[in-house]
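So the structure is just underneath, and the comments pick up after that.
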Amino acid sequence: MQLVKDLEQWQRLRSELDKALGFVPTMGALHEGHLSLLRRSVAENELTVLSIFVNATQFNNQADLQSYPTSIEDDLKLAQSVGVDLVLMPDYVQMYPDNFRFQMHEEIFSQDLCGSDRSGHFTGVLTVVLKLLNLVQPEKAYFGLKDYQQYLLIKDMCAGLFLPTQIIGCETLRENDGLAMSSRNRRLDGVARDVAGSFNGILYHSNSDEDAISALQALGCNVAYIKTLYGRRFGAVEIESQGDTVRLIDNLVPENLK
Ligand code: PAF
């Protein structure tokens, strides 16, 4: 496995590769969910590229950025164990030589759900994903469906901009109690972890978005939104844990729409 931090070196290396690449972009703090994307990419492509880049431009809240978990050494070991070939790990100056002067903005769906209370979040996501796809030029790129809105926006961006990469959505991996796997879960302590474990069940069993909101508020969650769209129920909550606020998102087809 080769680790590349310098983008000039990466671009030289990429121009010499004539193999079909699978790509899994991440912000690190790898968990089983990421590993399942990487395993699928390794199975379906000649070479797999993992990127690890905590993208500051998609955080509208500095505290959230500062407390975003990092575990580079473990990430590299895990990546190697599943057969990743190349790891791209640039820093902010490398990724944003324009200092975010050029931005990829979507006007409609990015303003809803997570975009409604995280101003500019999807502009940061789409801008960095566009940069990464330009750098890696993968045949296939893999995204978890926990971030369903992100997946749809990236898929539509690629179609709208005629990018050749196939965007593949992969099922959400869950803990035993149904909590969607997320790097942020490691910031949850005992009680907060129990509350987080009820989130998906409430999304699933509630007969309406309003019922889900009431049930989550009764558990002490701050509900950012619960909304049923396109036959799926989407939700985001904030849970207090260890003096910290942890934001969790999830989406599923609720029981009453099956
Ligand atoms: O889903 C993520 O981890 C990030 O939003 C992504 C796609 C790596 C862009 O920074």
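In each ligand, atom 1 is the first atom listed, and ligand 1 is the first ligand listed.
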Self-check item: Gln58, any N or O under 3.5 Å of ligand 1 N or O
Solution: yes
Quiz item: Which ligand 1 atoms does Pro25 reach within 4.0 Å, using its non-hydrogen atoms?
Solution: 8 (C)
Quiz item: Lys140: what forms a salt bridge (Lys or Arg N to Asp or Glu O under 4.0 Å) with it, not counting sequence neighbours?
Solution: none
Quiz prompt | For Thr245, side chain to side chain contact (heavy atoms under 4.5 Å, CB included) partners two or more places apart | solution = Glu238, Glu240
Quiz prompt | Evaluation steps, side-chain contact (heavy atoms from CB on, under 4.5 Å), between Asn256 and Arg233 | solution = CA-CA 11 Å; Asn256 62 334; Arg233 180 169 288 143; 4.2 Å; yes
Self-check item: Subset of ligand 1 atoms that lie under 4.0 Å from at least one heavy atom of Thr26
Solution: 8 (C)
Self-check item: Same cluster (ILVMFWY, side-chain, under 4.5 Å), Leu188 and Leu173
Solution: no
Quiz item: Which atoms from ligand 1 have a heavy atom of Gln150 less than 4.0 Å away?
Solution: 1 (O), 2 (C), 4 (C), 5 (O), 7 (C)
Quiz item: Roughly how far, to the nearest 0.5 Å, is the CE atom of Met95 from the OG1 atom of Thr57?
Solution: 9.0 Å
Practice problem: Using a strict cut-off of 4.0 Å, indicate which atoms of ligand 1 neighbour a heavy atom of Val128. | Solution: 9 (C), 10 (O)
